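This one's a predicted model, so the numbers in the text were calculated from it and none came from an experiment.
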Amino acid sequence: MYDIKALYEAESVSHAITLLKDHPQAQIIAGGSDVLVQIREGRRAGAELVSIYRLDELRGVTMEEDGTIRIGSLTSFSHITRDSIIQEYINVLGEAVDMVGGPQIRNIGTIGGNTCNGVTSADSASTLHAWDALVELTGPEGVRILPISDFYIRARKVDLRPAELQTAILIPKSSYEGYYGHYIKYAMRNAMDIATLGCSVNVKLSEDKRIIEDVRIAFGVAGPVPMRAIHAEEIAKGKVISGEVRDAFSRAVLEDISPRDSWRASKAFREHISQLLAGRALTEAILKAGGEIHE
């Protein structure tokens with residue numbers, strides 16, 4: 001049984017905002033793969049819900065005139081993985097969300113729900129951080145756009161104002177053009193498991209494929225929120241590709257991450273595998289970009 005006080009069905013984004021204003025305690029529900037579980041567990045018992053599931057205007061992947069990739073917040077994981085724009089320009093995001101749960105979850109779960117849930121283990125979160133994604137939020141005062149790194153405030157808390165909902169994830173052209181990425185999910189099982197640690201790396205190489213012109217690395221479950229490892233990025237930027245640079249890059253992630261002890265893994269273990277995953281993800285991203293690491 002699900003202990004739900006009331007369910008309101010939004011007919012448009014503006015209607016959803018009105019419903020949220022009229023029912024300030026209400027929770028947004030999209031696919032329901034997170035919210036319904038939480039209600040059944042008692043964490044949101046007696047909740048009022050505003051369903052945005054029928055808002056097809058929030059589904060799909062498109063490319064805007066300036067080259068920005070727009071992912072509607074109701075776009076399912078399976079849609080993202082199969083989408084031709086994603087496959088051509090930011091395929092690593094499709095690969096990352098294809099690691100979420102099983103087929104049923106990927107068919108119903110949405111990119112908006114995955115990010116608005118605010119959990120650091122979300123498979124989309126670290127990859128979106130590595131793409132310098134932007135979050136589009138729509139509310140009573142209009143539309144505002146902020147970097148995804150600012151959207152996450154603390155564990156399970158994101159920057160959603162009263163009566164506001166996330167309407168899209170945006171990847172600017174400058175964030176993906178010329179970049180190649182790789183995501184690694186470390187978990188106890190190969191499927192149907194939450195990440196013990198997630199690591200996503202994007203690189204942009206020089207024309208001769210010898211120099212790392214730019215690199216971004218982001219982690220999930222390495223702290224209370226998904227995070228970039230800025231010190232590691234600075235060490236590798238502008239450097240000639242080498243095993244020495246890769247190893248320095250891997251060690252430097254410890255300056256930024258702050259994992260905790262949990263029943264899934266100890267802090268020390270997460271610090272250890274964060275370095276391993278950083279090196280492996282950087283290596284794979286460089287190979288995808290057409291480069292080669294010389295030891």
Participant: With no hydrogens and no angle check, do the side chains of Ser51 and Glu9 hold a donor and an acceptor under 3.5 Å apart?
Facilitator: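 Checked: Ser51/Glu9 side chains pair up, N/O donor to acceptor below 3.5 Å.
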
Participant: Please test Ser250 against Leu282 for side chain to side chain contact (heavy atoms under 4.5 Å, CB included), starting from the C-alpha separation and ending with a verdict.
Facilitator: CA-CA 9 Å; Ser250 301; Leu282 177 64; over 6 Å; no

Participant: Test your reading of the model: is there a side-chain donor-acceptor pair from Ser126 to the backbone of Phe219, 3.5 Å cut-off?
Facilitator: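 Checked: no pair found.
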
Participant: Is there a side-chain contact between Arg251 and Gln275 in this structure, where contact means two heavy atoms from C-beta onward sitting under 4.5 Å apart?
Facilitator: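 A side-chain contact exists here, since the closest heavy-atom pair is under 4.5 Å.
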
Participant: Taking all heavy atoms of Ala232 and all of Val253, pick out the closest pair and write down the distance.
Facilitator: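 Here Ala232 and Val253 meet closest at CB-CG1, 3.8 Å.
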
Participant: How close do Leu197 and Ser274 get, counting heavy atoms only, and between which atoms?
Facilitator: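 What the structure gives for the nearest pair is CD2-CA, 3.5 Å.
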
Participant: Any side-chain heavy atom of Lys21 within less than 4.5 Å of one from Pro140?
Facilitator: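 With C-beta onward as the side chain, the pair touches.
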
Participant: With the side chain counted from C-beta on, respond yes when Ile86 and Thr81 share a heavy-atom pair under 4.5 Å apart, and no when they do not.
Facilitator: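 Contact flag for Ile86/Thr81 side chains = no.
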
Participant: What pairs with Glu207 under salt bridge (Lys or Arg N to Asp or Glu O under 4.0 Å), at least two apart in sequence or on another chain?
Facilitator: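 With neighbours one apart ignored, the set is empty.
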
Participant: Restricting to non-hydrogen atoms, name the atom on Pro147 and the atom on Leu134 that form the minimum distance, rounded to 0.1 Å.
Facilitator: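 Smallest interatomic distance, heavy atoms only, reads CA-CD2, 3.9 Å.
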
Participant: If you measure from OG on Ser175 to CD1 on Ile90, what distance do you get to the nearest 0.5 Å?
Facilitator: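 Between atom OG of Ser175 and atom CD1 of Ile90 there are 10.0 Å.
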
Participant: Between Arg106 and Asp123, does at least one N-O distance fall below 4.0 Å, as a salt bridge requires?
Facilitator: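 Answer for the salt bridge query: no.
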
Participant: Do Arg144 and Arg161 have side-chain heavy atoms sitting under 4.5 Å apart?
Facilitator: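 Heavy-atom side-chain distance check passes, below 4.5 Å.
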
Participant: Output the distance between atom OG (Ser78) and atom CG (Asp83), rounded to the nearest 0.5 Å.
Facilitator: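 Rounded to the nearest 0.5 Å, the OG-CG separation comes to 11.0 Å.
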
Participant: Assigning hydrophobic clusters by single linkage (Ile, Leu, Val, Met, Phe, Trp, Tyr; side-chain heavy-atom cutoff under 4.5 Å), is Val158 placed with Val135?
Facilitator: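 Linked, Val158 and Val135 end up in one cluster.
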
Participant: Decide if atom NZ of Lys209 counts as having more than 12 heavy atoms of other residues, nucleotides or ligands within a radius under 6.0 Å.
Facilitator: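 Above 12, so yes.
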
Participant: Taking side chain as C-beta onward, heavy atoms only, is Leu137 less than 4.5 Å from Phe151?
Facilitator: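 Contact flag for Leu137/Phe151 side chains = yes.
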
Participant: With a 4.5 Å cut-off on side-chain heavy atoms, are Ile212 and Leu205 touching?
Facilitator: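 Leu205 reaches Ile212 side chain to side chain.
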
Participant: Report yes if some heavy atom in the side chain of His129 is under 4.5 Å from a heavy atom in the side chain of Ser200; otherwise report no.
Facilitator: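 Side-chain contact under 4.5 Å: no.
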
Participant: So, the side chain of Thr75 versus the backbone of Ile80: is there a donor-acceptor pair under 3.5 Å, distance only?
Facilitator: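 Flag not set: sc Thr75 to bb Ile80 has no pair under 3.5 Å.
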
Participant: Return all side-chain donor-acceptor pairs below 3.5 angstrom for residues 258-266, not counting sequence neighbours, or 'none' if the list is empty.
Facilitator:
{"unit_1": "Asp261", "atom_1": "OD1", "unit_2": "Lys267", "atom_2": "N", "d": "2.6"}
{"unit_1": "Ser262", "atom_1": "OG", "unit_2": "Arg264", "atom_2": "N", "d": "3.2"}
{"unit_1": "Ser262", "atom_1": "OG", "unit_2": "Arg270", "atom_2": "NH1", "d": "3.2"}
{"unit_1": "Ser262", "atom_1": "OG", "unit_2": "Arg270", "atom_2": "NH2", "d": "3.2"}
{"unit_1": "Arg264", "atom_1": "NH1", "unit_2": "Asp193", "atom_2": "OD1", "d": "3.3"}
{"unit_1": "Ser266", "atom_1": "OG", "unit_2": "Phe269", "atom_2": "N", "d": "3.0"}

Participant: His79 and Ile71: side chain to side chain contact (heavy atoms under 4.5 Å, CB included), yes or no, with the steps?
Facilitator: CA-CA 10 Å; His79 182 140; Ile71 307 171; over 6 Å; no

Participant: Membership question, hydrophobic clusters at under 4.5 Å side-chain separation (ILVMFWY): are Ile217 and Tyr152 in the same one?
Facilitator: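 They do not share one cluster, since no chain of ILVMFWY contacts under 4.5 Å joins Tyr152 to Ile217.
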
Participant: Run the side chain to side chain contact (heavy atoms under 4.5 Å, CB included) test on Thr167 and Val143 for me, step by step, so that the C-alpha distance in whole Å, both residues' side-chain angles and the decisive distance to 0.1 Å come before the verdict.
Facilitator: CA-CA 9 Å; Thr167 45; Val143 176; 5.6 Å; no

Participant: Drop me the distance from Asp66's CG to Lys173's NZ, to the nearest 0.5 angstrom.
Facilitator: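 If we round to the nearest 0.5 Å, Asp66:CG and Lys173:NZ are 8.5 Å apart.
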
Participant: For Ala268, does its backbone N or O pair with a side-chain atom of His272 as donor and acceptor, under 3.5 Å?
Facilitator: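 Judged by distance alone, no pair lies under 3.5 Å.
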
Participant: Between Val245 and Leu277, is there a shared hydrophobic cluster once you connect ILVMFWY residues whose side-chain heavy atoms come closer than 4.5 Å?
Facilitator: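 Yes: a chain of side-chain contacts under 4.5 Å links Val245 to Leu277.
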
Participant: Under 4.5 Å side-chain heavy-atom separation, chaining through any Ile, Leu, Val, Met, Phe, Trp or Tyr, what else clusters with Leu74? Say none if it is isolated.
Facilitator: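 For the cluster that includes Leu74, the remaining residues are Tyr8, Val13, Ile17, Leu19, Leu20, Ile28, Val50, Ile52, Leu55, Leu58, Leu165.
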
Participant: Can you spot which of Val100, Ile169, Val61 makes a side-chain contact (heavy atoms from CB on, under 4.5 Å) with Ile111?
Facilitator: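 Per the side-chain contact (heavy atoms from CB on, under 4.5 Å) rule, the option paired with Ile111 is Ile169, out of Val100, Ile169, Val61.
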
Participant: Short question: side chain of Asn202, backbone of Ala130 - any donor-acceptor pair under 3.5 Å?
Facilitator: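 Yes.
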
Participant: Nearest 0.5 Å, please: how far is OG in Ser124 from CG in Asp98?
Facilitator: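 The distance works out to 13.0 Å.
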
Participant: Mark yes or no for whether Thr68, through its side chain, and Pro172, through its backbone, hold a donor-acceptor pair below 3.5 Å.
Facilitator: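 Looks like no, no N/O pair under 3.5 Å.
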
Participant: Verify side chain to side chain contact (heavy atoms under 4.5 Å, CB included) between Arg156 and Asn117, making sure each step is shown before the conclusion.
Facilitator: CA-CA 6 Å; Arg156 292 189 176 274; Asn117 200 24; 3.8 Å; yes

Participant: For the side chain of Arg59 and the backbone of Tyr53, is there at least one donor-acceptor N/O pair under 3.5 Å apart?
Facilitator: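 Pair found, side chain donor or acceptor close to backbone of Tyr53.
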
Participant: For the CD atom on Gln87, are there more than 12 heavy atoms of other groups (residues, nucleotides or ligands in this structure) within a distance under 6.0 Å?
Facilitator: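 More than 12 heavy atoms, drawn from other residues, nucleotides or ligands, come within 6.0 Å of this atom.
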
Participant: Would you check if the side chain of Arg216 reaches a backbone N or O of Gly181 as a donor-acceptor pair within less than 3.5 Å?
Facilitator: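 Judged by distance alone, no pair lies under 3.5 Å.
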
Participant: Is it the case that Asn107 and Ser76 place a side-chain donor and acceptor less than 3.5 Å from each other?
Facilitator: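 Result is no, nothing qualifies.
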
Participant: Tell me if a side-chain donor or acceptor on Ser73 pairs with a main-chain N or O of Gly112 at a distance below 3.5 Å.
Facilitator: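 Side chain of Ser73 to backbone of Gly112, a donor-acceptor pair under 3.5 Å: no, none is there.
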
Participant: Has the side chain of Glu95 got a donor or acceptor atom that lies under 3.5 Å from a matching backbone atom of His182?
Facilitator: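 Between the backbone of His182 and the side chain of Glu95 there is no qualifying donor-acceptor contact (under 3.5 Å).
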
Participant: For the CD1 atom of Ile69 and the CE atom of Met63, what is their distance to the nearest 0.5 Å?
Facilitator: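 Nearest 0.5 Å value for the CD1-CE distance: 4.5 Å.
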
Participant: Side-chain heavy atoms nearer than 4.5 Å, only ILVMFWY residues, links allowed to pass through others: does that put Tyr89 and Trp131 together?
Facilitator: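 Both belong to a single hydrophobic cluster.
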
Participant: Do Tyr183 and Tyr179 share a hydrophobic cluster (ILVMFWY, side-chain heavy atoms under 4.5 Å, transitive)?
Facilitator: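 Yes, one cluster joins them.
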
Participant: Taking side chain as C-beta onward, heavy atoms only, is Ile171 less than 4.5 Å from Leu93?
Facilitator: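 Answer no - side chains too far apart.
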
Participant: Between Thr110 and Gly31, what is the shortest heavy-atom contact and its length?
Facilitator: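 Taking Thr110 first and Gly31 second, the nearest heavy atoms are CG2-N, 4.3 Å.
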
Participant: Okay, side chain of Asp256, backbone of Met227: is any donor-acceptor separation there less than 3.5 Å?
Facilitator: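 No; zero donor-acceptor contacts below 3.5 Å.
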
Participant: Working to the nearest 0.5 angstrom, can you tell me the gap between Ile286 CD1 and Glu292 CD?
Facilitator: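 The distance works out to 10.5 Å.
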
